[in-house]
Amino acid sequence: MRKKTESAAPVVVIGAGMAGARLAARVPGVTVVGEERHAPYNRVLLADVLAGRYAPDVITLPAAEVRRGVRAVRIDRADRLVHCDDGSVLHYGRLVLATGSNPVLPPLRGLGATLPDGVHPFRTLDDALALRAAVRPGARAVVIGGGLLGVSAARALAECGAQVVLAQQGEHLMERQLDPEAAALLRVHLEALGVEVHTECRVRGLRCTPTATGESVRAVQLADGYELAADLTVLACGVRPRTGLARAAGLEVRKGIVVDDELRTSDPYIHALGDCAEHRSTLYGLAGPALEQADVLAEVLAGRPARYEGTRALTRLSLRAGSRAQGTGGPDALDLAAFGEARPLPGDEVIRLSDATRGAYRTVVLREGRLAGGVLLGDLGAVAGLARTWQDDEPLPPAMSLLHLLTDDGGH
């Protein structure tokens with residue numbers, strides 16, 4: 001009888017991002033509290049909004065009713081209440097924390113609690129719209145960070161006609177996903193668009209000038225003393241899980257909010273999923289795992305047996321050719337996919353195929369008879385079969401060669 005009462009109790013979700021929206025679409029009667037003024041949207045497509053390919057309403061996600069522009073400020077675990085900044089109090093039977101993550105603001109000179117004019121994070125729809133409104137043809141834009149988000153932002157700004165410099169502290173672009181060879185091809189693609197790429201480049205600070213309302217950025221200062229002139233500066237330096245609400249409520253928090261295989265926190269009535277959740281010591285920070293977690297939790301909340309055992313995440317990025325690039329003879333779209341560990345360890349077997357005429361590059365790593373990871377850039381014809389083989393994590397049959405997997409027909 002108690003189980004029936006708990007399952008019928010109200011479910012409250014804090015966070016209206018992709019994870020929260022997915023859960024709300026699958027669990028009837030959920031109350032969703034979201035800080036943003038927008039309806040839930042597909043965060044993966046923010047660069048397309050910045051580039052002007054999509055209007056904001058095009059990336060809207062289907063979801064239950066969301067209380068927009070409302071921030072949860074305190075969780076009362078004893079009485080199972082959520083206190084919000086508009087004075088409302090919500091009772092929950094089960095609470096789901098889908099609080100997501102915040103952009104990392106690097107410790108740079110000239111960067112305080114209030115961002116100078118012209119300095120933009122790139123994490124939300126409002127960020128994308130603010131950048132879209134600020135960018136002008138010929139504007140000098142510096143993107144700090146050469147990961148997935150920084151590369152997407154740089155490409156979008158270049159399509160808007162900006163003069164873009166991408167500053168990456170690491171040895172090559174998208175270090176978490178790409179091997180050096182694939183990163184070099186990505187760099188060539190960006191440079192063909194006019195993006196100036198600096199790797200092994202450490203940013204020291206921002207040079208700003210006073211304005212009537214505060215300060216405005218004028219240049220990005222590098223550690224070697226060189227300055228990059230900047231009308232706009234985009235901070236794409238990674239993200240950090242939002243755990244403050246959970247920590248204040250006394251939940252177990254390490255890097256993220258610790259959850260078990262039912263996405264349950266240290267409080268049996270509170271779950272967490274998405275960017276804020278740490279499962280088996282892993283933080284994913286990607287849309288795919290967040291959606292998979294939401295699907296599992298929907299089953300759990302419905303009283304059906306379900307367990308989340310982790311996600312073997314595939315990263316895909318499509319750098320599409322916009323009208324400006326096409327009209328000026330710019331490069332075609334560049335598609336890339338990366339999965340697993342693309343950096344070989346001693347004893348691993350590596351096979352690479354490169355076809356300059358087709359603009360295709362493929363590499364896979366075999367470790368102890370299993371597919372450990374790979375990178376495909378350009379022609380993604382083989383990605384479905386490779387990803388399926390990697391996700392199954394089974395030893396490759398003796399008759400199945402890596403060369404076979406790398407061909408278009410390898411997964412079919």
Side-chain angles (χ1 to χ4, degrees), residues 1-36 40 61-68 70-86 88-101 241-254 256-280 283-284 289-311:
M1 183 68 182
R2 183 181 176 186
K3 184 174 182 180
K4 182 178 179 182
T5 301
E6 287 180 5
S7 65
V11 177
V12 175
V13 179
I14 300 177
M18 294 180 70
R22 176 77 156 232
L23 182 67
R26 282 159 172 69
V27 179
V30 168
T31 299
V32 182
V33 177
E35 286 187 27
E36 295 189 56
L61 296 172
E65 187 68 26
V66 177
R67 300 184 60 186
R68 303 186 206 174
V70 177
R71 183 168 62 92
V73 295
R74 185 169 66 88
I75 299 169
D76 180 344
R77 291 169 53 194
D79 292 326
R80 297 192 208 167
L81 301 174
V82 175
H83 295 261
C84 301
D85 63 352
D86 64 353
S88 62
V89 180
L90 302 173
H91 168 66
Y92 66 86
R94 295 291 185 94
L95 178 63
V96 180
L97 301 178
T99 49
S101 54
R242 296 185 63 181
T243 60
L245 201 59
R247 195 183 297 274
L251 300 177
E252 183 181 0
V253 175
R254 296 174 194 161
I257 305 168
V258 178
V259 296
D260 63 14
D261 289 356
E262 291 187 331
L263 287 312
R264 197 185 312 268
T265 70
S266 53
D267 184 321
Y269 299 102
I270 302 179
H271 301 262
L273 75 168
D275 288 5
C276 68
E278 178 180 338
H279 175 261
R280 298 186 185 180
L283 288 165
Y284 289 98
L291 299 179
E292 187 175 334
Q293 290 171 5
D295 291 343
V296 170
L297 185 52
E299 295 296 300
V300 171
L301 294 176
R304 293 186 286 268
R307 299 181 70 83
Y308 177 70
E309 297 183 350
T311 300

Return the set of residues passing side chain to side chain contact (heavy atoms under 4.5 Å, CB included) with Ala246 (not counting sequence neighbours), or none when no residue passes.
-> Leu97, Leu251, Val253, Ile257
Residue set satisfying side chain to side chain contact (heavy atoms under 4.5 Å, CB included) with Asp260, at least two apart, ordered chain then number -> Glu262, Arg264
Name all residues meeting the salt bridge (charged side-chain N to carboxylate O under 4.0 Å, His left out) criterion together with Arg68; count only those two or more places apart in sequence or in a different chain, and write none if there are none.
-> none
Contacts of Asp261 meeting salt bridge (charged side-chain N to carboxylate O under 4.0 Å, His left out) (sequence neighbours excluded), chain-then-number -> Arg280, Arg307
Could I get the full list of side chain to side chain contact (heavy atoms under 4.5 Å, CB included) partners for Asp295, not counting sequence neighbours?
-> Arg22, Arg26
With Asp85 via side chain to side chain donor-acceptor pair (under 3.5 Å) - residues at least two apart | none
Ala248: partners by side chain to side chain contact (heavy atoms under 4.5 Å, CB included), with sequence neighbours left out | none
Taking it one step at a time, do Ile75 and Tyr92 satisfy side chain to side chain contact (heavy atoms under 4.5 Å, CB included)?
-> CA-CA 10 Å; Ile75 299 169; Tyr92 66 86; 3.9 Å; yes
Given side chains that start at C-beta, do those of Val11 and Leu301 come closer than 4.5 Å, heavy atoms only?
-> yes
For Arg74, check side chain to side chain donor-acceptor pair (under 3.5 Å) against everything at least two apart and list the hits.
-> His83
Should Val13 and Leu23 count as side-chain neighbours, where that means a heavy-atom distance under 4.5 Å?
-> yes
Do the side-chain N and O atoms of Asp267 and Thr265 include a donor-acceptor pair separated by under 3.5 angstrom?
-> no
How about His279 and Pro289: do any of their side-chain heavy atoms sit closer than 4.5 Å?
-> no
Go through the structure and list residues passing side chain to side chain donor-acceptor pair (under 3.5 Å) with Arg242, not counting sequence neighbours.
-> Glu35
Sequence neighbours left out, what passes side chain to side chain donor-acceptor pair (under 3.5 Å) with Glu278? Give chain and number order.
-> none
